[in-house]
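In what follows, a structure is listed as structure tokens, so that the remarks can point back to it.
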Amino acid sequence: MAADEVPAMPPSSSDQANGHTEAKHRQRDEQNSGGDVQESPRKRVKLDPDTTSTTDEGQSKTDGEPRSDRQKGIAPIKKEFLVDISTLDPTAQQADDDAAEASGRGHEDKLAAGRGGKKTQGGQNHARQYGQSRDAIQLCKSRSLANEFDELNCSFGTKCKWEHDIRKYLKDGKREDLSTFDGVCPIYEVRGKCLAGWRCRFAGSHSKEVEHEDGRKELVQTQKDVGQDFGAAKDADEEEGVGVGNVVSIGDKINLRKRKFPLPKSDGYLQYLERKRNNGSENAKAPPVKAEPTMKTEDEETNGVHDARASYTEPPLKPSEKRRIYYGAETPVLAPLTTQGNLPFRRLCVSLGAEVTWSEMAMGFPLIQGEKQEWALVKCHESELAPPKYTPKGVVQNYDNAKDLKFGAQIAANKPYIALKTTEVLTALCPHLRAIDLNCGCPIDLVYKQGAGSALLDARSKLENILRGMNVVSGEVPITVKIRTGVKDKQPTAEKLCRRLVLGGEEAQDSGEGPSGVAAITLHGRSRQQRYTRSADWEYIAECANLVQNLRSDRAEVTDTVREPDARDLSASAKPDGLPYFIGNGDILSHVDYNQHMAEGKVDSCMIARGALIKPWIFEEIATNQYLDKSASERLGYIERFARNGLEYWGSDEIGVGTTRRFLLEWLSFSCRYVPVGILEHLPPRLGDRPPAFKGRSDLETLLSSANYKDWIKISEMFLGPTHKDFHFQPKHKSNSYEIEAEG
Ligand SMILES: Cc1cc2nc3c(=O)[nH]c(=O)nc-3n(C[C@H](O)[C@H](O)[C@H](O)COP(=O)(O)O)c2cc1C
């Protein structure tokens, strides 16, 4: 469906919503929210699309009559938008969610590294290559922000291999300035200063040539006062981007790499586990050991680093003493999404109403080894923090309630020591964490084979110990867990696991250790084996939710962890309150799905993954309880916003533009799957439905629906200019495993 015409310049993002079908859809929703629910809890509840039909003018209407012409698995496109299949571009790709979930970051290699450094070869999950977008001649960092006549300030002096001559660099080293965003650097625009300096692809907007009295002409950088302090959520050095939190210093990463970062709580708890293993039940009755103060490193003695972690020596907090967490119908959750759930994308979703956000899955081992790339995953944007906690300067560390924060970190680990140390180090170095979630759903083969991700579903005792340990070492940060229905198809085990996580296994109950203390359980309603085949099993999710709800009162008798209700809790539900919350996940593509599962699934909230990638305004739909038939130019506006967010975060130099483009293309591989509600014959849209070949209501809408990577590149060029000669885009779909070189 390659579009013939592409608008030369991006339209503004301020287009008004095309709401012509909204009233009708709302009307239908109201009908649906009524009596459609079937009585048996095992019967799939239908808020069925079959009562909606459309008029010739393209407006959906409800006729109250069941329709039989909705083909299973096929999106019902209105006749007038269908196109001849022979016009389809042969390079267009089919959606492959398994490949998408597994793509990109080489998780298996990271786990393998944890087992002695052996790297794996091949496999669909192997990190894909994108080429290097670099300047032909690279400017020395010491000159990036300098004026032309500034004294040379490079510590490598004449031995430096990078260019120091700014004029030469501008002439021969870098590509011409970008003319997108009206040629104005998006970072300079909001911040008044661009840290990429001369390397910025919009350098012309923040530099000029001045003529001195002696007639000499000098290239100088300019700054402007934007009257705002963007330091609020910045925890470390300047180059980390605008309003970014959870930035860990290079010194801390080096200490981790050199194993000089003391982790006394984990060490103490691991010793306790060891004793328990060796001595059997006698010692098991002892409460988790109190972490002993450890010797300070030389650095700490001299520089006073890590003083804040004196609290390591305090006894572990009981779950009830941790910061309170909250989930309710009004807090839809953006799922953890490897590669796709990057900071710029989450920022976009938050601006559209996502109330809880998760980092991409970060592997525990590389985190405790101080690996830069892994630590980048737990950075958050200031919009993911609670606004009242901002101060004009400095960082706010003491959140009273976890619900003051939207952002949490998800980790994966296959061994207790990795999970515990990761948790301790995260809570020590990242002040902005709502919770830490342990991934028990990752289906990737090598992750599974090494005992992490969904393998933990079948290692219930180990999992319980890991979670209890994480709770001991995490201080006031709550611990949550994300699971699947089970490992094997048709052998669901989640109910059993939920029971154990809420009440604790028999041994833990006998020894007085009590439950694992998880603050929330999220259940993705599919098994590992099933991957994305068939729909998520919301009936089973409801059963598990029901069980947890009932266990809450049982649990109150065996533990002191009943959560104090507060105003939000009470408004959300009248059920007996206690830990943990229960969140359902799977196949949500609209507010209708969301409302249905909230009502029928007995869950506290729902998590949304692909639905948010396909249409990030799903959060706005949930908040306003209506379909939003976004116009193509509005959708392009979101792409523009992502590009801006990306440049702010990854930088506006050649490398930053390349990184932004790479992640934008990744996202476009999902967003192209959106079928505008205005061209659907029946509602609601279904995540599993595939559309026949169709054209949009405008050339732009057609372009945005294109599954052809060349069109994604065209779209990226509207905001990021022509691709770099070395930029490659390698699609994630194994079935089309050709390498594509971007034109340009
Ligand atoms: C591209 C992609 C990346 C994902 N990455 C993660 C991840 O890092 N951690 C995780 O727990 N689940 C991950 N998932 C699974 C989702 O969080 C979610 O459980 C699953 O997609 C079902 O939700 P949905 O039907 O709303 O898509 C990923 C899914 C996709 C499609």
Side-chain angles (χ1 to χ4, degrees), residues 95-108 110 124-125 128 332-342 345-346 349 354 356-364 374 377-378 408-413 435-444 447-448 452-457 480-485 494 520-528 530-538 541 583-590 593-594 597 601 603 605-616 618-619 622 663 665-671 673 685-689 731-733:
D96 181 345
D97 294 331
D98 291 328
E101 181 169 357
S103 79
R105 297 196 43 246
H107 296 312
E108 61 282 52
K110 291 179 185 168
Q124 71 165 2
N125 315 324
R128 291 181 286 139
V333 182
L334 174 65
L337 290 162
T338 296
T339 307
Q340 306 276 353
N342 47 66
F345 180 73
R346 296 197 311 268
C349 290
V356 180
T357 57
W358 289 101
S359 73
E360 302 174 50
M361 175 176 76
M363 306 304 279
E374 216 65 15
L377 301 179
V378 297
Q410 189 190 56
I411 62 165
I436 297 176
D437 185 75
L438 181 68
N439 179 312
C440 298
C442 180
I444 302 173
V447 172
Y448 175 79
S454 52
L456 290 167
L457 298 174
T480 64
V481 63
K482 180 164 178 271
I483 61 175
R484 283 177 178 254
T485 55
I521 299 172
T522 302
L523 174 58
H524 172 196
R526 288 188 177 84
S527 68
R528 168 180 188 260
Q530 175 186 355
R531 296 288 182 97
Y532 283 97
T533 60
R534 301 193 310 283
S535 307
D537 189 345
W538 275 92
I541 293 176
I583 296 102
N585 165 231
D587 298 341
I588 295 179
L589 188 56
S590 69
D593 296 335
Y594 186 86
H597 296 317
V603 292
S605 186
C606 292
M607 176 182 273
I608 302 165
R610 291 165 302 161
L613 293 170
I614 292 170
K615 47 178 244 197
I618 187 172
F619 297 105
I622 291 167
F663 285 102
L665 294 177
E666 296 282 5
W667 174 37
L668 293 177
S669 75
F670 269 94
S671 67
R673 282 161 63 178
R686 301 262 187 231
L687 228 164
D689 284 359
K732 58 193 164 246
H733 311 284

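All ligand and atom numbering here is 1-based and tracks the order in the structure. Computed from heavy atoms alone, side chains included, the values below leave out hydrogens, waters and symmetry copies.
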**Message:** When you compare the side chain of R528 with that of P443, does any pair of heavy atoms fall below 4.5 Å?
**Reply:** yes

**Prompt:** For T522, which residues count as a side chain to side chain contact (heavy atoms under 4.5 Å, CB included) partner, sequence neighbours excluded?
**Reply:** K482, I583, N585, M607

**Request:** Ignoring hydrogens, just give me the one of D593, V481, N585 whose non-hydrogen atom is nearest atom 23 (O) of ligand 1.
**Result:** N585

**Fill in**
Atoms of ligand 1 under 4.0 Å from any heavy atom of A335, numbered from 1 in the order shown, are 17 (O)

**Asked** Looking only at distance, does Q340 have an N or O less than 3.5 Å from an N or O of ligand 1?
**Response** no

**Asked** Touching ligand 1 at all, W358? Heavy atoms, strictly under 4.0 Å?
**Response** no

**Prompt:** N/O of P336 under 3.5 Å from N/O of ligand 1, yes or no?
**Reply:** yes

**Prompt:** Near G586, which atoms of ligand 1 are under 4.0 Å from a heavy atom of that residue?
**Reply:** 25 (O)

**Complete:** atom 12 (N) of ligand 1: of Q410, H524, K482, the nearest heavy atom sits on K482

**Message:** Quick check on contacts: which atoms of ligand 1 are under 4.0 angstrom from a heavy atom of D587?
**Reply:** 24 (P), 25 (O), 26 (O)

**Message:** Would the distance check show the side chain of S454 and the main-chain N or O of C442 forming a donor-acceptor pair, the cut-off being under 3.5 Å?
**Reply:** yes

**Asked** Closest heavy-atom contact between I608 and Y594?
**Response** CD1-CD1, 4.2 Å

**Request:** Taking only heavy atoms of Y532 into account, list the atoms of ligand 1 that are under 4.0 Å away from them.
**Result:** 15 (C), 20 (C), 21 (O), 29 (C), 30 (C), 31 (C)

**Within-cut-off N or O pair, A609 and ligand 1, under 3.5 Å** = yes

**Message:** Between R526 and R534 (side chain of the first, backbone of the second, donor and acceptor by atom type, cut-off under 3.5 Å), is there such a pair?
**Reply:** yes

**Message:** Checking the N or O distance criterion of under 3.5 Å, is ligand 1 in contact with N439?
**Reply:** yes

**Complete:** Here the atoms of ligand 1 under 4.0 Å from any heavy atom belonging to T338 are 3 (C), 4 (C), 5 (N), 6 (C), 7 (C), 8 (O)

**Prompt:** In ligand 1, which numbered atoms sit nearer than 4.0 Å to a non-hydrogen atom of R610?
**Reply:** 24 (P), 25 (O), 26 (O), 27 (O), 31 (C)

**Request:** Determine yes or no for a side-chain-to-main-chain donor-acceptor pair under 3.5 angstrom, with W667 supplying the side chain and L613 the backbone.
**Result:** yes

**Flag, side chain of D587 to backbone of L687, donor-acceptor distance under 3.5 Å** = no

